[in-house]
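Here's the structure we're looking at; comments come further down.
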Amino acid sequence: MPQYFGQLHTLDPNWSQIESVKTVEVSDRSILFKCGNVCVKISILADNLIRVRYAPSGDFLPRRSWAVTVDDSDWQPIEFKTQDIEQTTEIVTEKIKIIIQHHPFRIQCYDNNNNPFAIDAELGFAWRQGLMAVWKKIEAEEHFYGFGERTGFLDKIGEVKTNWTVDSLDYDALTDAMYQAIPMFMALRPELSYGIFLNSTYWSRFDIGVEQPGVWRMETQASELDYYIIYGPKPEQILNTYTQLTGRMPLPPRWALGYHQCRWSYESEIVVEQLAKEFRNRKIPCDVIHLDIDYMRGYRVFTWSDYRFPHPQNLIQHLSHNGFKTITIIDPGVKYEPEGHYTIFDQGLEQDYFVRKPNGQLFHGYVWPDKAVFPDFLNPQVQKWWGECHQTLTDMGIAGIWNDMNEPALDDRPFGDKGTKITFPLDCLQGPLEEQATHAETHNLYGLMMAKSCAEALVKLRPQERSFVLTRSGYAGIQRWSSVWMGDNHSIWEHLETSLPMLCNMGLSGVAFVGCDIGGFAGNATAELFARWMQMGVLYPLMRGHSALSTAQHEPWVFGEKVEQICREYLELRYRLLPYLYTLFWEATQTGAPILRPLFYHYPNDSKTYTLSDQVLLGSAILAAPIYRPGVECRAVYLPEGIWYDWWTGKSYSGSQYILAEAPLERMPLYVKAGSIIPLQPVMQYVDEKPIDCLTFKVFPGTGEGILYEDDGHSFEYVQGIYATTKYRIYQENQELILEIEPRQGQWIPPNREIIIDVVGVGEQRFQDQGQGKQLQFSLLKN
């Protein structure tokens, strides 16, 4: 890392600093600045988006196939103006102004009100052997969010964040690098926000005012510094643009929004059958059962244990008949078995698909199957082969894949021998001949490319049905291929508390379909902790309970009748909310918006929301304030501007204030913004239990509008336009509340159903859904 001496603005002499501008070349999309041997290219890609590339050698690197989804030339050209004024070059778009100072070279950005952002600090850009860095100013009242998977609080000012995928077992609030490496963040202050995406797959790091107060720094071990500046001014606009760069999530099957049950491990067919029976007999909603590593034969991927799971197809068919989808885990480590007649190893070795050391020897490490080798997922041929291997699972009827241990996680000796965690040699080559790169460049991509291989294969192997993909490791753009969970957490209150800011920062990094292991993976949850975690889990986009081999059972019924009833009631709430949730998922596919959102996402000018890590918005309408401490039965809740209704009582509160909320063990404080319309379905034991014959619109008086998205929930027909949207708005005229439902748009037609309009505190009306639109009036006089 950079070393300082004397004044903080003085670099170690090993660093080289950029010279003054010698020439300026303007083209229709970019401006090239030549500063001695260094070339700096600023590309104007959109009114709110610029790309900055520093090449100390004078030559820019070629584009990589795994890079952002759109190249510079793919953006629609926009008009911008350039002007040279007093040793500066000004670049002006409709939304921002960039001033390039020539002596010395510095970049300064301003909005239309002349507010500065992403301003180069005194040090500007510098480099040394194997490292590039740029320093920028932290403006007054500025806060920092995103950075991918991070522990601790929501705001990351005053922290250092390293981007390097590692197995993060036993993480805590001070853990730095984790399973996911997403070098993207957004900065926010009143009336202005901007995002930074560091386009580097190498090791990189952000220092947000730690080493030099008032300055943030980003650095990477690449030979070029390449980053994007995205202007807001609101967070939602940053994510919209960022996900145009890195891609957006596909629409998952509707059942994937239901409850998932998992354990390391449900060790046999008999245990899994009994588990499914318990859920149905106890009427606890559940859609998915995950099978961990013990379903395999000696932990060999793409095999079934003849002893534990001798009849997998029958098991999966029986689970399906009872409304359960089956997900199987897959790790990247392939058992080294040259004489064991293991097809996966034999094929990979024959085709030279495994990672090799620089000297050509096969690289190996130790994971669950003991000595193992690892596919080169950077090679498209390997991706195709690995994807085809999943047919042994899809032929049995599995509905999705859970990719684990793909940072990659491995030891230098067999598990249990107190080995040391290792990675592939950083100088070993990966990828096809025409695009070979060292592991130093591709390490952060390993989990991403494994997930890509899996996701693309499942589309081919299950062409009529959407599949579910889950990964532990990933890089920027992982949302295109997979959902993500936050790895091996613990059954402690601290991990319950930190789950909300972790998931919110993932959402602010473009990854909307995220979750944490409910109840905690390692350790034993108390009954109170499990009940509070299940309440919070209702808010997680991915709602999965999971626990480790050495722990007590963590199913909802093992904690006694009271906790079982709490779990049942909150799971029923989750299933009632599915029309609302599914619409949020659709919104994420269209705009990149997170599903779980920090309060500042919708209230970016309210500074009271900037450091709220223990409250969250589900979409824009529902505000939750979970309990995350033992013995707590009331808590302070901040309500932003407007009127808010208590979900449970219907009582209204004025916003822009704190209130004291009652929260006995049976209740998680929930509030809904006035003017919101929440679509609800009947309670079901699983998503496809029966057609939705009744849809309730719960209306919270005020002024607002919304939309309901619907399709068949499982096929790819929505891609061809077979879906429907219904827009609605609510407003008040004199003493009447008016609800207008527009005619349903789209080619998908729902089953016959009754519509119930339930206006909180006023009354309800019912009618048969004809999709033709409707206007309803509700008298407010009695209120």
Who pairs with [X] by salt bridge (Lys or Arg N to Asp or Glu O under 4.0 Å), at least two apart in sequence or on another chain?
X: E224; result: R53
X: K384; result: E388
X: K460; result: none
X: D176; result: R150

Under the rule for side chain to side chain donor-acceptor pair (under 3.5 Å), what residues qualify as partners of [X], not counting sequence neighbours?
X: R532; value: Q535
X: D294; value: S265, Y299
X: Q479; value: T246
X: W385; value: Q347

Residue pairs, two or more places apart or on separate chains, that pass side chain to side chain donor-acceptor pair (under 3.5 Å) and touch residues 395-416:
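Of all non-adjacent pairs touching residues 395-416, those that pass side chain to side chain donor-acceptor pair (under 3.5 Å) are D404-R472, N406-T471, E407-R472.
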
What class does the angle between the rings of [X] and [Y] fall in, given that below 30° is parallel, 30 to 60° is tilted and above 60° is perpendicular?
X: H290; Y: H260; answer: tilted
X: Y171; Y: Y179; answer: perpendicular
X: W368; Y: F415; answer: perpendicular

Go through S204 and T220 one step at a time and tell me if the side chain to side chain donor-acceptor pair (under 3.5 Å) criterion holds.
CA-CA 4 Å; S204 64; T220 178; 5.1 Å; no

Quick one, [X] and [Y] - any side-chain contact, counting heavy atoms below 4.5 Å?
X: V514; Y: L596; result: no
X: K156; Y: Y145; result: no
X: L448; Y: W481; result: yes
X: M506; Y: M486; result: yes
X: F363; Y: I422; result: yes
X: F324; Y: F279; result: yes

Check side chain to side chain contact (heavy atoms under 4.5 Å, CB included) between A177 and all other residues, then give those that pass, not counting sequence neighbours.
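A177: side chain to side chain contact (heavy atoms under 4.5 Å, CB included) contacts with T162, V166.
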
Taking side chain to side chain contact (heavy atoms under 4.5 Å, CB included) as the test, write out the residues that go with S491, two or more places apart.
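Testing S491 for side chain to side chain contact (heavy atoms under 4.5 Å, CB included), a comparison that skips the adjacent residues, returns A525, L529, H554.
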
With P375, the side chain to side chain contact (heavy atoms under 4.5 Å, CB included) member among V355, I344, V382, V301
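Exactly one pass, corresponding to V382.
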
Which one of T328, V272, T303, L315 satisfies the side chain to side chain contact (heavy atoms under 4.5 Å, CB included) criterion with Y295?
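Among T328, V272, T303, L315, the one that satisfies the side chain to side chain contact (heavy atoms under 4.5 Å, CB included) with Y295 is T328.
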
Closest heavy-atom pair and its distance - [X], [Y]:
X: H443; Y: T165; answer: NE2-O, 2.7 Å
X: P358; Y: P425; answer: CD-CB, 4.2 Å
X: I401; Y: C454; answer: CB-SG, 3.4 Å
X: M132; Y: S223; answer: CE-O, 3.3 Å
X: L508; Y: G146; answer: CB-CA, 4.2 Å
X: P252; Y: F585; answer: CG-CD2, 3.6 Å

Identified side-chain hydrogen bond (donor to acceptor under 3.5 Å, both in side chains) counterpart of T442 within the set R64, Q436, Q430
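By the side-chain hydrogen bond (donor to acceptor under 3.5 Å, both in side chains) criterion, T442 pairs with just one of R64, Q436, Q430: Q430.
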
Under the side-chain contact (heavy atoms from CB on, under 4.5 Å) criterion, do V484 and E149 qualify, and how do the steps go?
CA-CA 10 Å; V484 175; E149 182 181 17; 5.7 Å; no

Please lay out, stage by stage, how N163 and Y202 fare under the test side-chain contact (heavy atoms from CB on, under 4.5 Å).
CA-CA 8 Å; N163 304 299; Y202 287 89; over 6 Å; no

Among all residues two or more places apart in sequence or in another chain, which pass the ring-ring contact (aromatic ring centres under 6.0 Å, His included) test with W255?
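By the ring-ring contact (aromatic ring centres under 6.0 Å, His included) rule, W255 matches no residue at all.
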
Assess whether a salt bridge exists between [X] and [Y], defined as any Lys/Arg side-chain N lying under 4.0 Å from an Asp/Glu carboxylate O.
X: R205; Y: E219; result: yes
X: E269; Y: R308; result: no
X: K335; Y: D370; result: no
X: R544; Y: D517; result: yes

Do [X] and [Y] have a side chain donor and acceptor closer than 3.5 Å?
X: E435; Y: S65; answer: yes
X: R462; Y: T394; answer: no
X: W533; Y: Y540; answer: yes
X: H490; Y: D170; answer: yes

I need the [X] [atom1] to [Y] [atom2] distance, nearest 0.5 Å.
X: E497; Y: T151; atom1: CD; atom2: OG1; answer: 11.5 Å
X: N505; Y: M184; atom1: CG; atom2: CE; answer: 10.5 Å
X: I327; Y: F468; atom1: CD1; atom2: CZ; answer: 6.0 Å
X: Y628; Y: E494; atom1: OH; atom2: CD; answer: 12.5 Å

Identify the residue among Y227, F147, F197, Y242 that makes a ring pair (Phe, Tyr, Trp, His ring centres under 6.0 Å) with F185.
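The passing option is F147.
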
Which residue is it: F424, W386, Y366, F354? I am looking for the one with a ring pair (Phe, Tyr, Trp, His ring centres under 6.0 Å) to F374.
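Of F424, W386, Y366, F354, ring pair (Phe, Tyr, Trp, His ring centres under 6.0 Å) with F374 is met by F424 alone.
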
Taking [X] for the side chain and [Y] for the main chain, is one N or O donor matched with an acceptor at less than 3.5 Å?
X: T201; Y: N444; value: no
X: D376; Y: L378; value: yes
X: S482; Y: V469; value: yes

Are R297 and W304 in a cation-pi setup, meaning NZ or CZ lies under 6.0 angstrom from the ring centre and within 45 degrees of the ring axis?
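No, cation not above the ring by the 6.0 Å, 45° rule.
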
Residue pair Q261, V288: steps toward the side-chain contact (heavy atoms from CB on, under 4.5 Å) verdict:
CA-CA 6 Å; Q261 184 63 50; V288 187; over 6 Å; no

Does Q381, at its CD atom, have more than 12 non-hydrogen atoms belonging to other residues, nucleotides or ligands within less than 6.0 Å?
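Atom CD in Q381 is not crowded, with 12 or fewer foreign heavy atoms closer than 6.0 Å.
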
